[in-house]
Each structure stands twice: as C-alpha cells, then as structure tokens.
Amino acid sequence: MIEPVNPETDERLAARSARGDLRAYEELVARHQRLILRIVWARGAWSQEDAEDLTQETFVRAWEHLDTYDPSRPFKAWIARIAGNLAIDRHRADSRRPRTTDIEDMEATLATSGPGPAAATIQNEQQRELLSRLRELPDHYRQVIVLRFLEELSYEEISELLDLPMGSVKTRIFRGREMLRQRLRPDIVEGEAR
Amino acid sequence: MTKTHATAEDLFLYAEGLLEDEPHRLMAAHLITCADCAERYREEAELTVSLRSLPAPTSAPALVADVTRAIRRQGALRASPWWWLVGAGLLVLSGAQWLVGSDLTLSGAGAAFVHAGRDLTITVLSVMDALADPQTWFRVAEAASVAVDTASGSPTLLLGWFLAAAMVAVAANALLWSMARRVMASK
C-alpha cells in the first residue's frame, strides 16, 4: 500500500504553525489553496487575479490569528469562514467604488482557465450565460452551488464547512438550482411548475 | 409515483443520490415509463454537467511562496520596533554625550554616536562575560541565600522576593518565546 506523503492532520499542522513553524503552514496553504480560491470566487471575486489576492490575504490573516484557532474544530471550516468574511468585506468595499465590469473579469477567466472534464460539449457563450446567471443568485445559494458542483464537495463536507445542518444544505442547493434554471430558461420552467 | 409526475425536488434528490433505497428504486422505474419526467431528469443532469464545467479559478502555482513571503514581511515589520528602539536609544545617548561635552560640531556628534555604540558593545560583552563566569552565579546564589535569610523573619518580604522572581521568569520566557518564533518564521 502506498503511504501518504504527509500523513499529518490539518489540525496538527495548525498547532505547529501556531508555534511559529512556517513550513507546517506552507503545507496547510498547499492543501487548501484551491478550496479557498473557489470560496472567495463564489463570493464575488470573479477574476483569477482577485481570487488569488484574496486567497493570499486569507492565509496571511489566518496566520496572524492562529492563536484563536481551536484545534478540536476542523481547520478547513475555520479558514473557510475567514475567507468568506474577507470576501464579503472586499465585495462591500468594491461595490462602493467604480470598477471594471464583472463581465470583463469573467471573460478573462474564461480565456485563461483550462476547460473542465465536460467542457468539450459546452460552448463558451453558454458558459458565460451560466456564469452570469450564477452571479445573480443570492449569496447563500451561490456559495453552496459552487462548493457542491465546482469544488465537488460532499453534502457532509459543505455542512461542516459552513456550519449548517445537512437539511439546510440540501434545501439551499435545490432552491439555488431552481432559481438558476428559472433565470436560464424562464419559459420552460414556468410550464414545469406543478 | 407511477401515476403522477415526479416533483422537481424528488428529481433533484434522485439525481444527487439522496433518496432512500425504496424511493430511489421507484423513481428509477418511473423514469423508464414517463417521458416527461425523463426529459426533466435529463435537464437536471445537464445543469450539473454545465456547472461542473464552469471555468472557476484553479490553483495558483506561486501562491504558497507568495503567502510565505507576505508572512515574513509582516514578521519583519513586527520585529522592527525593537530595532527602532535600539537606534533611538543610541541616538539619545549620543545626543546626551554631545550636550554634556558641549561639542556642537557635526563630527563631534558622529564621534559621540560611535563612542556610545562602542560603550554599549563593551557593556553587552561585559554582561555576557559576567554571565559566563561561574563566580558570578556563585555570588548570585550567595546574595539570594542572604536575601532569603533576611526575609525568613518577614513573610511579606519573602512574598515580595517570590513575586519579583516570578515576574523576571515570565518576562524572560516571553522574550525567549518571541525570539524563537521570529527565528522559526525566518527559516
């Protein structure tokens, strides 16, 4: 059987990091950077550059506050909460000043990102449309949809990450998808309402 | 379920594999016989595929290094007040020497600064030398013994000695801890 390269748990690495071990913290950053990137992206940092800036800020902020981390709780959930809060603050600050359009940012993301496994069958135009509609969703629906379908986390993981009951996660995902579908194809969904 | 159409929620739960065994089996059978629900199920699955193929940001190769660099930079900033304090102390010292010596020339101030630095270095080296000398520790132990003897008749004085020792230990511990953290962060 192949042994894992680094069998240390997140929580042990976080404890070492809290004692000033930067190498342990680098391992945590490497493990969770993708998740944090997508969380901040889902919360409104629509370009890769914005998402990277905010992800870096999240990890630096977490390092500064490691003494407040409770090792009996999952590190992933703790850092996800920091990322979510930072993204909301940034989004509020951005909304108070003029900036380039989100559509331009999304197009840049489309241009720089590699296609996903099923992308061969989907046109860029459809992806833009879907991204645009996804962006219009209320924050609490958008976040669970991104975590479930883009980050491909399980319902249990999302529940733990957002500190929400499983039932609420299911409901939010279902309602978010329904809302998304209505915005994508209103004529069809109206006919489907039963 | 075979007589009526499936609800949107049941189709979603089925697509996500969240139905219990029996409802799951019934839904599978219903989808074989109901073209309308089968079409809606296909749309449900298509939406999932479309969402999964969205070009969300991927991992950034330089992110770990960027985070480390930012943390070190902040660590250096946190450490800076100490260096400012040492610098300010030297300046005050040289300024005082300059005033006392009444030498108002620029070279005099520079010389005073250098002298103050030299004196400080000599003092630090003397303290280190004294700490390395066993005789120093013998004298400290002797003084402590005398102090305890003196204080033995007075519980208040003994408590005072104990508190002072505890405060020194805490301060030394905090200083060592802060230094160790900074050294580890700079690795």
Side-chain angles (χ1 to χ4, degrees), chain A residues 19-23 25-27 29-30 33-34 37-38 40-42 45 47-48 51-52 55-57 59-60 63-64 106 109-122 126-127 130-131 134 145-146 148-152 155 170 173-174 177-178 180-181 184-185 188 192-194, chain B residues 4-19 36-37 39-75 77-79 176-187:
Chain A
R19 291 195 294 270
D21 185 345
L22 200 48
R23 294 249 178 265
Y25 197 63
E26 283 174 349
E27 173 65 23
V29 176
Q33 57 163 309
R34 193 183 119 115
L37 264 169
R38 296 205 167 178
V40 298
W41 181 82
S47 72
Q48 174 92 20
E52 283 179 22
T55 301
Q56 183 181 325
E57 201 178 326
F59 282 112
V60 173
W63 166 266
E64 288 169 350
M106 280 189 277
T109 306
L110 279 166
T112 53
S113 304
T121 56
I122 311 254
Q126 287 173 300
Q127 288 188 324
L130 184 55
L131 263 176
L134 182 63
I145 286 180
V146 167
R148 174 70 189 126
F149 300 107
L150 277 79
E151 190 56 23
E152 300 190 22
Y155 282 80
K170 287 178 195 172
I173 292 178
F174 169 65
R177 281 177 65 114
E178 286 300 291
L180 194 58
R181 210 190 341 236
L184 284 168
R185 304 177 66 181
I188 290 175
E192 278 179 358
R194 289 159 211 275
Chain B
T4 58
H5 290 297
T7 64
E9 187 166 9
D10 280 344
L11 278 173
F12 158 74
L13 293 172
Y14 176 75
E16 285 289 277
L18 296 171
L19 286 179
D36 188 20
C37 287
E39 173 61 15
R40 287 165 56 219
Y41 171 70
R42 192 186 59 76
E43 284 176 10
E44 191 76 38
E46 269 181 8
L47 180 59
T48 299
V49 170
S50 301
L51 284 167
R52 287 198 168 137
S53 68
L54 281 179
T58 51
S59 301
L63 191 74
V64 177
D66 288 346
V67 169
T68 309
R69 207 173 300 122
I71 288 171
R72 283 190 177 142
R73 205 163 43 230
Q74 293 211 345
L77 283 174
R78 272 203 299 270
L176 284 172
W177 179 244
S178 151
M179 285 168 69
R181 199 178 161 93
R182 206 161 292 140
V183 167
M184 288 187 86
S186 65
K187 270 184 194 171

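Protein chains get the first letters and strands the later ones, always in sequence-line order, with residue 1 at the start of each.
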Contact class of A:Arg34 relative to chain B, heavy atoms under 4.5 angstrom: both
Restricting to ring pair (Phe, Tyr, Trp, His ring centres under 6.0 Å), what partner residues turn up for B:Phe12, sequence neighbours left out? A:Phe174
Just to verify, what does A:Phe59 make a ring pair (Phe, Tyr, Trp, His ring centres under 6.0 Å) with, not counting sequence neighbours? none
Point-to-point distance, once rounded to the nearest 0.5 Å, from OG of B:Ser53 to CG of A:Leu130: 7.5 Å
Can you tell me how far CG of B:Asp66 sits from OG1 of A:Thr55, rounded to the nearest 0.5 angstrom? 11.0 Å
Any heavy-atom pair between the side chains of A:Tyr25 and B:Val67 that's under 4.5 Å? yes
A:Lys170 vs B:Glu16 side-chain heavy atoms within contact, under 4.5 Å: no
Only one of B:Glu46, B:Glu44, B:Glu9 passes salt bridge (Lys or Arg N to Asp or Glu O under 4.0 Å) with A:Arg177, and that residue is B:Glu44
Over all heavy atoms of both residues, which pair between B:Leu54 and A:Gln127 is shortest? Give the atoms and the distance, please. CD2-O, 3.7 Å
Between B:Glu43 and A:Arg181, is the closest basic N to carboxylate O distance under 4.0 Å? no
